[in-house]
Structure formats: structure tokens, C-alpha cells
Student: 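One structure, pasted below without further comment.
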Amino acid sequence: MKLSVPGRVTATAVAATVSLLAGGSIAGAAPAGTSAVAAAPDIPVANVKAHLTQLQSIATANGGNRAHGRAGYRASLDYVKAKLDAAGFTTTVQQFTSSSRTGYNLIADWPGGETNQVIMSGSHLDSVTAGAGINDNGSGSAAVLETALAVSRAGFHPTKHLRFAWWGAEELGMVGSKYYVNNLSTANRSKIKGYLNFDMIGSPNPGYFVYDDDPGIEKTFKEYYAGLGVPTEIETEGDGRSDHAPFKNAGVPVGGLFSGADYIKTAAQAAKWGGTSGRAFDRCYHSSCDTTANIDDTALDRNSDAVAYAVWGLSQ
């Protein structure tokens, strides 16, 4: 997540209905008269953690980080791309320049689905230069990757078209995602019916925060957590500070999950979620200690399953 002065950045949320309208608004279930909705699979947290171990190894072998313009970032992208290519995705590497260094976005499309109705999920793949960035944002990157691989394993055939993305240079101001959105034609931008963002979803002292930007997407995530009996709160710490912001500013419905960064967990939050009050959700935020030891397995597991729940539910 991009470092910012704490505060809530407000913008006009894009209205959406829960039922599927002719224009293709966000929905959590198929309309009446269609085939039964396929259930989302369980995402094995061991698989997600295996990706994090690989990202840690990449950072360790490349100066301790996976930052924009550094060898560790490109090696991270190559790792993700190879997994997706082997699973049958159509991948595209988009190149841009920031701070006199070359950056890359990775876009992966799952064949099939209505290409005029795209459900897109993304996360930033870069770390800060200070460390490996395993929670920020290996966690989101690995969960999105494993969800994409689960789509392939299931041979999933959703009504809508699925697209996944890993963004470069988020830590410099959402540079990669801004580049992607700004280079979409108006027509292609309008085809994206929902963008789901996952930035820091395995914080070691976790909270369970849901973006409240689009009602239909928000409802989907809240339904998932209600099914677990886990209370959620509206996400405010990262509002405007991650890769959903360029999409939201362009009029695309957005949503996502977050487990907390350098804000302090309150006593009330610790009472309902566990963990330690008076301590940051992630004490290693933007630090060298953001390693594979800086992950809460339960939060990572729940949030990874929530990614799949939303991808399956919103695309049918």
C-alpha cells in the first residue's frame, strides 16, 4: 500500500443494484431462469503461503526487496506469469516508465465469458525498497494468483469475462494501475463491471475491513464474512491509497478487502477480532521485517477464500 498522510479520501461511489440489469451491474447471483450458480472452491492457504515463500526467496536473492525498477520486481512478475501461462491464461505484460525506471503490469485473461462484462481482480506486486513486502503486498498478490489458478483447476466457465492483474509501482503512487486505466479506451473501460482490489490481507494483528465503494460488491464480501460469523468494518485507512483508486476515479465500480496497516487496533476491535489492542495491525508496514514471518495465517486463509467467493459470485 502506498504511504500517505492518514485520512479518508472521498469520491462519488458508483451506484449499483444487487440484481443483474440489462446494463450489466454488479450482482452476487445469477438471474432467475439461468443455470445454478457454481460454488466457489476453498483456496488452500498452504498454496498461498507457498507463493509467499517464493516471493521471499526472490527478494532475498535480489537485494532484499521486490521494488519498482529492481531485479526483484521483474523476477516476481516472471514467477506469477509462468504460473498463469501454464494454467491456460492469456497473459500480457504492459510496460511503463516511472522515476526513470522501467515498470511492468501483468494482465491475465481467462478465456471465455462475455467480454463486454468484465470482472477484474488485482493487487500490486511491488514492495518498497526497505524490504520483501510479503504482507504489503505479497499477500494480495498470492491470493489473487491462487484464485486464478483455482479458476483453471475448476475449468470454471462464468457468464462474465474474468481478468486478473498484478500492478507495478503502486508504492510510488499507483503508477501502474493509473497507466492501465488511462490507456483504456472509453469503450473498454465501460466493459469493466467491477474491479476488486486486494492490498494487505494477511496482517499479523489483523482486522477485517471491507471497501464500501460499490453496494453490490460490498454486499458480496459481507455475505461471505457473515457466513463465517466474523464481523467486518468499513475500510477507511487505505481509501484512495491503493490500486482501486484509479478505477474508481474513472467510474468503474470497485471493492476489496484489507486487514490493516499502521493504524492502531482499538480495544473494541481486539475484543471482536482477537489480537492485541494498542498495537498496529501491521508493525512491519513498509519495513525490513515484512517477511514471511509477518503473516497471520487465519486472516490470509479467510481473505483468500473471500477473493474466490467474490470472483465466483460476481461473475455468474
Student: Side-chain contact test, heavy atoms from C-beta onward, threshold under 4.5 Å: evaluate it for I43 versus V307 and give yes or no.
Tutor: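 No - every pair of side-chain heavy atoms lies 4.5 Å or more apart.
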Student: Classify the ring geometry of F209 against W273: parallel below 30°, tilted from 30° to 60°, perpendicular beyond 60°.
Tutor: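 Perpendicular: the ring planes of F209 and W273 meet at over 60°.
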Student: Donor-acceptor pair, T159 side chain versus Q316 backbone, under 3.5 Å?
Tutor: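 No, the answer is negative, given that no donor and acceptor are paired below the 3.5 Å cut-off.
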Student: Do you know the tightest heavy-atom contact between S304 and T147?
Tutor: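 Smallest interatomic distance, heavy atoms only, reads O-OG1, 4.0 Å.
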Student: Dump the intermediate steps for salt bridge (charged side-chain N to carboxylate O under 4.0 Å, His left out) on K191 and E114, then the final yes or no.
Tutor: CA-CA 10 Å; K191 293 176 183 178; E114 175 50 63; over 6 Å; no
Student: Find out whether V181 and M174 are in side-chain contact, i.e. whether some heavy atom of one side chain is under 4.5 Å from a heavy atom of the other.
Tutor: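 No; the side chains remain at least 4.5 Å from each other.
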Student: Should W166 and N105 be marked as a side chain to side chain contact (heavy atoms under 4.5 Å, CB included) after you check the CA-CA gap, both sets of side-chain angles, and the distance that decides it?
Tutor: CA-CA 6 Å; W166 290 262; N105 295 325; over 6 Å; no
Student: Rounded to the nearest 0.5 Å, how far does OG1 of T298 lie from CD1 of I295?
Tutor: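 Spacing of CD1 (I295) from OG1 (T298) equals 12.0 Å.
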Student: Between atom CD of E170 and atom CG of D126, what is the distance when rounded to the nearest 0.5 Å?
Tutor: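 Reported to 0.5 Å precision, the distance equals 6.0 Å.
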Student: Surrounding CZ of R283 (heavy atoms of other residues, nucleotides or ligands, distance under 6.0 Å), is the total greater than 12?
Tutor: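 Incorrect, the count does not exceed 12.
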Student: Check whether any side-chain heavy atom of R70 lies under 4.5 Å from a side-chain heavy atom of N65, and answer yes or no.
Tutor: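 Yes, at least one pair of side-chain atoms sits under 4.5 Å.
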Student: Is any side-chain heavy atom of D301 closer than 4.5 Å to a side-chain heavy atom of D297?
Tutor: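 In short, these two side chains do not touch, never coming nearer than 4.5 Å.
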Student: Is it true that a side-chain atom of N205 and a backbone atom of A280 form a donor plus acceptor pair closer than 3.5 Å?
Tutor: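 Flag set: sc N205 to bb A280 pair under 3.5 Å.
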Student: Output yes when a side-chain donor or acceptor of D290 lies under 3.5 Å from a complementary backbone atom of C284, and no otherwise.
Tutor: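 No, D290 side chain to C284 backbone: no donor-acceptor pair under 3.5 Å.
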Student: Would you call D214 and V254 a side-chain contact if the rule is heavy atoms closer than 4.5 Å?
Tutor: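 No; the side chains remain at least 4.5 Å from each other.
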Student: By salt bridge (charged side-chain N to carboxylate O under 4.0 Å, His left out), which residues pair with R153, not counting sequence neighbours?
Tutor: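 Expected list: E146.
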Student: Which value, rounded to the nearest 0.5 Å, describes the distance between S57 atom OG and L55 atom CG?
Tutor: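 CG of L55 is found 9.0 Å from OG of S57.
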Student: Are V175 and I107 connected in a single hydrophobic cluster, I mean Ile/Leu/Val/Met/Phe/Trp/Tyr linked by side-chain heavy atoms less than 4.5 Å apart?
Tutor: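 Cluster IDs for I107 and V175 differ.
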Student: Can you find a heavy atom in the side chain of K81 that is under 4.5 Å from one in the side chain of V93?
Tutor: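 SC-SC contact between K81 and V93 confirmed.
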Student: Which heavy atom of M120 sits nearest to which heavy atom of A165, and what is that distance?
Tutor: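 Heavy atoms only, the tightest pair is CE-CB, 3.7 Å.
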Student: Is it the case that atom NZ in K265 sees more than 12 heavy atoms from other parts of the structure closer than 6.0 Å?
Tutor: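 Counting neighbours around NZ of K265, more than 12 heavy atoms of other residues, nucleotides or ligands fall under 6.0 Å, so yes.
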Student: Are M1 and F281 connected into the same hydrophobic cluster when the rule is that any two of I, L, V, M, F, W, Y join if their side-chain heavy atoms are below 4.5 Å apart?
Tutor: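 Same cluster.
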Student: Test your reading of the model: is there a side-chain donor-acceptor pair from Y224 to the backbone of R302, 3.5 Å cut-off?
Tutor: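 It does hold such a pair.
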Student: Nearest 0.5 Å, please: how far is OG1 in T236 from CG in D212?
Tutor: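 If we round to the nearest 0.5 Å, D212:CG and T236:OG1 are 9.0 Å apart.
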Student: Between the side chains of D213 and H244, is a donor N or O closer than 3.5 angstrom to an acceptor N or O?
Tutor: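 Short answer, no.
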Student: Report the residue from T292, L300, I134 that forms a side-chain contact (heavy atoms from CB on, under 4.5 Å) with K49.
Tutor: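 Going through T292, L300, I134 one by one, the side-chain contact (heavy atoms from CB on, under 4.5 Å) with K49 is satisfied by L300 alone.
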Student: Tell me whether S242 contacts the main-chain N or O of G238 through its side chain, where contact means a donor paired with an acceptor under 3.5 Å.
Tutor: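 Such a contact is absent between S242 side chain and G238 backbone.
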Student: Check S203, S259, S139 against D282 for a side-chain contact (heavy atoms from CB on, under 4.5 Å) and give me the one that passes.
Tutor: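 Among the candidates, only S203 passes.
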Student: Looking at residues at least two apart in the chain, or sitting in another chain, which of them share a salt bridge (charged side-chain N to carboxylate O under 4.0 Å, His left out) with R163?
Tutor: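 Listed in chain order: D109.
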Student: Report yes or no: do Y211 and N197 form a side-chain donor-acceptor pair below 3.5 Å?
Tutor: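 Yes - a donor-acceptor pair under 3.5 Å links their side chains.
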Student: Any donor-acceptor pair under 3.5 Å linking the side chain of D199 with the backbone of F258?
Tutor: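 Judged by distance alone, no pair lies under 3.5 Å.
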Student: What verdict does the side chain to side chain contact (heavy atoms under 4.5 Å, CB included) test give for S98 and H68, after you've listed the backbone C-alpha separation in whole Å, the side-chain angles of each residue and the deciding distance to 0.1 Å?
Tutor: CA-CA 8 Å; S98 181; H68 164 73; 3.7 Å; yes
Student: To the nearest 0.5 Å, what is the distance between NZ on K222 and CD1 on I234?
Tutor: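 Atom-to-atom, K222:NZ and I234:CD1 are 5.5 Å apart.
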Student: Testing the basics here: between V311 and S121, what is the closest heavy-atom pair and its distance to 0.1 Å?
Tutor: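 V311 and S121 have their closest heavy atoms at CG2-OG, 3.4 Å.
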Student: Kindly work out whether a path of hydrophobic side-chain contacts (I/L/V/M/F/W/Y, heavy atoms less than 4.5 Å apart) joins L314 to F156.
Tutor: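 Same hydrophobic cluster.
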Student: Apply side-chain hydrogen bond (donor to acceptor under 3.5 Å, both in side chains) to residues T91 and D85 and explain how you reach the verdict.
Tutor: CA-CA 7 Å; T91 59; D85 288 341; 2.6 Å; yes
Student: Which atom names give the shortest non-hydrogen contact between G202 and A299, and what distance separates them?
Tutor: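 Reported closest heavy-atom pair: CA-CB, 4.4 Å.
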Student: Decide yes or no on side-chain hydrogen bond (donor to acceptor under 3.5 Å, both in side chains) for N116 and H161, but give the supporting numbers first.
Tutor: CA-CA 8 Å; N116 287 324; H161 181 76; over 6 Å; no
Student: Using the side-chain contact (heavy atoms from CB on, under 4.5 Å) rule, pick out the option among L84, L77, D78 that qualifies with V80.
Tutor: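 The side-chain contact (heavy atoms from CB on, under 4.5 Å) with V80 is passed solely by L84 among L84, L77, D78.
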Student: How many angstroms lie between OH in Y179 and CD in Q95, if you round to the nearest 0.5 Å?
Tutor: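 Those atoms lie 8.0 Å apart.
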Student: Are the side chain of S127 and the backbone N or O of G131 linked by a donor-acceptor pair below 3.5 Å?
Tutor: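 Confirmed, S127 side chain pairs with G131 backbone.
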Student: Please report the closest heavy-atom contact between S177 and D243, naming both atoms and the distance.
Tutor: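 Residues S177 and D243, closest heavy atoms: OG-OD1, 2.6 Å.
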Student: Show the numbers, then the answer: is there a side chain to side chain contact (heavy atoms under 4.5 Å, CB included) between R279 and I264?
Tutor: CA-CA 5 Å; R279 179 181 294 177; I264 304 300; 5.7 Å; no
Student: Would you say the side chains of N303 and Y225 form a donor-acceptor pair under 3.5 Å?
Tutor: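 Yes, because at least one side-chain N or O of N303 sits under 3.5 Å from a partner of the opposite role on Y225.
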Student: Report whether W312 and V210 are members of the same hydrophobic cluster (ILVMFWY, side-chain heavy atoms less than 4.5 Å apart, transitive linking).
Tutor: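 In one cluster: yes.
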Student: Check for a donor-acceptor pair, side chain of S287 on one end and backbone N or O of Y285 on the other, with a separation under 3.5 Å.
Tutor: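 Side chain of S287 to backbone of Y285: a pair is present.
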Student: Give a yes/no verdict on a cation-pi contact between R74 and Y104, requiring under 6.0 Å between NZ or CZ and the six-membered ring centre and an angle within 45° of the axis.
Tutor: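 Here R74 passes the 6.0 Å and 45° test against Y104.
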Student: May I have the step-by-step check of side chain to side chain contact (heavy atoms under 4.5 Å, CB included) for F221 and Y309, ending in yes or no?
Tutor: CA-CA 8 Å; F221 286 122; Y309 182 87; 6.0 Å; no
Student: Within the side chain of T266, is there an N or O that forms a donor-acceptor pair under 3.5 Å with the backbone of Q269?
Tutor: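 Yes, T266 side chain to Q269 backbone: donor-acceptor pair under 3.5 Å.
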Student: Would you tell me whether D262 and H286 have side-chain atoms, one donor and one acceptor, within less than 3.5 Å of each other?
Tutor: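 Side-chain D/A pair, D262 to H286: absent.
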Student: Would a single hydrophobic cluster contain both L172 and W167, if residues Ile, Leu, Val, Met, Phe, Trp and Tyr are joined by side-chain heavy-atom contacts under 4.5 Å?
Tutor: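 Unlinked, W167 and L172 end up in two clusters.
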Student: Does a salt bridge link R66 with E171, judged by any charged N lying under 4.0 Å from a carboxylate O?
Tutor: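 The answer is no: the pair does not qualify as a salt bridge.
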Student: Can you see which heavy atom on S76 is nearest to which on L125, and at what distance?
Tutor: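 Minimum heavy-atom contact is C-CD2, 3.9 Å.
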Student: When you compare the side chain of F247 with that of I192, does any pair of heavy atoms fall below 4.5 Å?
Tutor: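 Side-chain contact under 4.5 Å: yes.
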